[in-house]
Amino acid sequence: MTANHTPTDETDNTNTTHVTCRICPTCAANALADGMTICRQCMRAYARQLTLLRHHLAVLQLVIRREVHLRERGGGRGSFAPLGIDVSAADLEAEVERLIDGICEAAGLPGGRWQRALPRLGANLRVLACLPDAADHLEGLIRLNGRLERVADRRPRLRRLVGVCDVCGAMVHAVQGEEWAVCGRCDSLLHLPSVRRAARRRLDVLHTTQTPSGAAVWVSRETGIDVTRDDVNNWIRSGRITAPKLENGYREFPILRLIELAEVKMDSKQE
Ligand SMILES: [Zn+2]
Ligand SMILES: [Zn+2]
């Protein structure tokens, strides 16, 4: 689900007053209330994004002042970015302030430093949700929060497979409970509840090339369910999964079936 859907107009024929019902351009799921340009659910998401932004910016201050170090992307535990990269944290802050200023201006609110401007925005959500560019503002916040999270989030959080990007087909990983993600391959903004709903169908065609122990590690990581090499070997032996043999002990595992069997294992443990 991308955020650049055009709103569709549907006329409610059962109502004699002919109320025009437009669909929220951000989630493409809910109807818009009178005068609003995003739905109520997305307005609540907007509020959460503003809160998250305040948290991220507070941590970013420490990064800029070099009281904490940036974690290098993809680096191992305890690896730090080289000195000098903190400049990019300051750039990021400037970018955030430009977005906040833009929203304040559109809403007719005073701008200024984020410490004052953000609470002001939070107190005027209804106004923000009626602005012509509300969907763009929300998308801007989600994207910046995504970039800030890599810099400001000190807790390493586990990302799990939630589905497949419906624009480019790349696998999408997210922290449990998250609502939005930006596709790592094509940069589309993805509404995760929709991605999750479509996941079964989209994952059905995907395979992963692994040894049985590699498959066990892979599916444990993707589902958070503890799966061992013995489990995977049992599934193969009992014919519950069809994984054609390749060279050197590698097999081609159907992703969806691996996830389903891991879930069956978890369910049987809970009973
Ligand atoms: Zn919405
Ligand atoms: Zn994509």
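The figures that follow rest on heavy atoms only: side chains count, while hydrogens, waters and symmetry mates do not. The model shown is predicted, which means the values in this text are computed figures rather than measured ones. Just so you know, ligand 1 is whichever comes first in the structure, and atom 1 is the first atom listed for that ligand.
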Shortest non-hydrogen contact from Pro110 to Arg120?
O-NH1, 2.6 Å

Around Gln41, counting heavy atoms of other residues, nucleotides and ligands shown, do more than 12 lie under 6.0 Å from its CD?
no

At the Zn ion (ligand 2), SG of Cys165 and SG of Cys168 open up to roughly (10° bins) 110°

Once rounded to 10 degrees, what value does the angle at the Zn ion (ligand 2) take between SG (Cys183) and SG (Cys186)?
110°

Between Arg251 and Leu246, what is the shortest heavy-atom contact and its length?
C-CD1, 4.0 Å

Identify the heavy atoms of Asn234 and Arg237 that sit nearest to each other, and give their distance.
OD1-NH2, 3.0 Å

If I take the Zn ion (ligand 1) as the centre, what angle separates the SG atom of Cys42 from the SG atom of Cys39? Nearest 10 degrees is fine.
110°

